[in-house]
Amino acid sequence: MSAYEDIYRVTRRIPRGKVATYGQIAYLSGRERQARLVGYALHRVDLAGEEVPWQRVVNARGEISYSPFRRGSDYLQRALLEEEGIVFDGAGKIDLRKYQWQAEEYTREDIRSCF
DNA sequence: GAGATGACATTCG
DNA sequence: GCGAATGCCATCT
């Protein structure tokens with residue numbers, strides 16, 4: 001019941017105009033290899049009545065992960081992110097190199113390798 | 001309690 | 001870049 005508490009906490013820490021990947025959230029919440037639980041947790045956010053900016057959480061591809069039964073639609077979620085300054089390319093993807101949230105505790109080699 | 005499922009990530013071919 | 005296979009664990013049936 002509270003295994004998601006950390007996940008919610010981390011998700012709320014995502015600053016505006018930034019996005020985070022499931023693996024990242026999982027890592028910060030102490031569950032690096034349990035990205036599935038992150039997605040599962042976010043899926044239950046609405047059911048739990050918690051207000052979490054789950055829209056800022058995207059998959060490793062930089063695409064939005066949305067479920068068909070979210071509030072409104074996929075279109076709305078993309079609009080929300082665009083509101084925050086996130087820019088989507090033609091394929092509806094996000095440039096993680098620019099918009100991925102870089103937490104202080106989060107220093108992965110592949111990210112650094114990107115530079 | 002056991003088996004299947006899942007808003008995924010990562011690695012290998 | 002893409003598809004298949006593997007791993008991980010809470011929730012659902």
Side-chain angles (χ1 to χ4, degrees):
Chain A
M1 203 128 191
S2 318
Y4 301 142
E5 202 170 316
D6 295 329
I7 296 175
Y8 295 151
R9 190 181 304 173
V10 173
T11 305
R12 286 186 202 144
R13 281 186 179 176
I14 301 175
R16 184 180 175 184
K18 295 284 184 180
V19 296
T21 63
Y22 284 91
Q24 187 173 359
I25 297 299
Y27 186 88
L28 292 176
S29 61
R31 295 171 172 77
E32 183 179 7
R33 295 177 180 174
Q34 302 175 4
R36 300 177 129 191
L37 300 194
V38 178
Y40 214 81
L42 295 177
H43 177 74
R44 292 179 50 93
V45 168
D46 285 345
L47 301 179
E50 295 288 332
E51 292 189 20
V52 180
W54 55 271
Q55 53 244 55
R56 291 179 189 153
V57 182
V58 298
N59 57 20
R61 291 180 181 174
E63 299 175 328
I64 297 178
S65 304
Y66 57 90
S67 57
F69 294 97
R70 286 299 71 161
R71 322 178 160 185
S73 60
D74 53 342
Y75 153 87
L76 176 60
Q77 179 166 3
R78 189 169 117 187
L80 288 174
L81 291 177
E82 288 179 341
E83 268 298 307
E84 300 184 354
I86 306 298
V87 179
F88 293 81
D89 62 6
K93 293 183 181 177
I94 302 173
D95 187 351
L96 289 178
R97 192 178 59 158
K98 285 186 177 181
Y99 299 108
Q100 184 175 39
W101 173 42
Q102 294 180 353
E104 297 178 357
E105 301 175 309
Y106 188 73
T107 53
R108 273 176 61 174
E109 313 246 350
D110 55 320
I111 301 295
R112 293 164 59 187
S113 173
C114 200
F115 294 89

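Side chains are part of it too, since the values below use all heavy atoms of this structure and drop only hydrogens, waters and symmetry mates. A note on names: the letters A, B, ... follow the listed sequences, proteins ahead of strands, and every chain is numbered from 1.
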*For atom CD1 of A/I7 and atom C1' of C/dC8, their distance in whole Å*: 12 Å

*Using whole Å, report how far OH of A/Y4 lies from C1' of C/dT11.*
6 Å

*asked:* Checking A/E84 now: which residues fulfil side-chain hydrogen bond (donor to acceptor under 3.5 Å, both in side chains) with it, not counting sequence neighbours?
replied: A/R56

*Measure from CZ on A/R36 to P on B/dA9 and round the result to the nearest Å.*
11 Å

*asked:* Taking only side-chain N and O atoms of A/R44, does any of them lie within less than 4.0 angstrom of OP1 or OP2 on C/dC12?
replied: yes

*Roughly how many Å is it from OH in A/Y40 to P in C/dC9, rounded to a whole number?*
16 Å

*Calculate the interatomic distance between A/E63 atom CD and C/dG1 atom C1'; express it in whole Å.*
13 Å

*Is the count of non-hydrogen atoms from other residues, nucleotides or ligands lying under 6.0 Å from A/R33 atom CZ greater than 12?*
no

*Report, as yes or no, whether the 6.0 Å neighbourhood of atom CD on A/E83 holds more than 12 heavy atoms from other residues, nucleotides or ligands.*
no

*Separation of A/Y27 atom OH from C/dC9 atom P, in whole Å?*
17 Å

_On the side chain of A/Y22, is there an atom forming a donor-acceptor pair with the base of B/dA7 - under 3.5 Å, no angle test?_
yes

*Can you find a heavy atom in the side chain of A/R12 that is under 4.5 Å from one in the side chain of A/V52?*
yes

_Candidate nucleotides B/dC8, B/dA7, B/dG6, ranked by approach to the side chain of A/H43 - the nearest_ = B/dA7

_Starting the side chain at C-beta, find the nucleotide from B/dA7, C/dC9, B/dA9 nearest to A/T21._
B/dA9

*In whole angstrom, give the distance that lies between atom CH2 of A/W54 and atom P of B/dC8.*
12 Å

*Side chain of A/A35 - closest among B/dC8, B/dA7, C/dA10*: B/dC8

*Take atom CD1 of A/I25 and atom P of C/dC8, then tell me their distance rounded to the nearest Å.*
21 Å

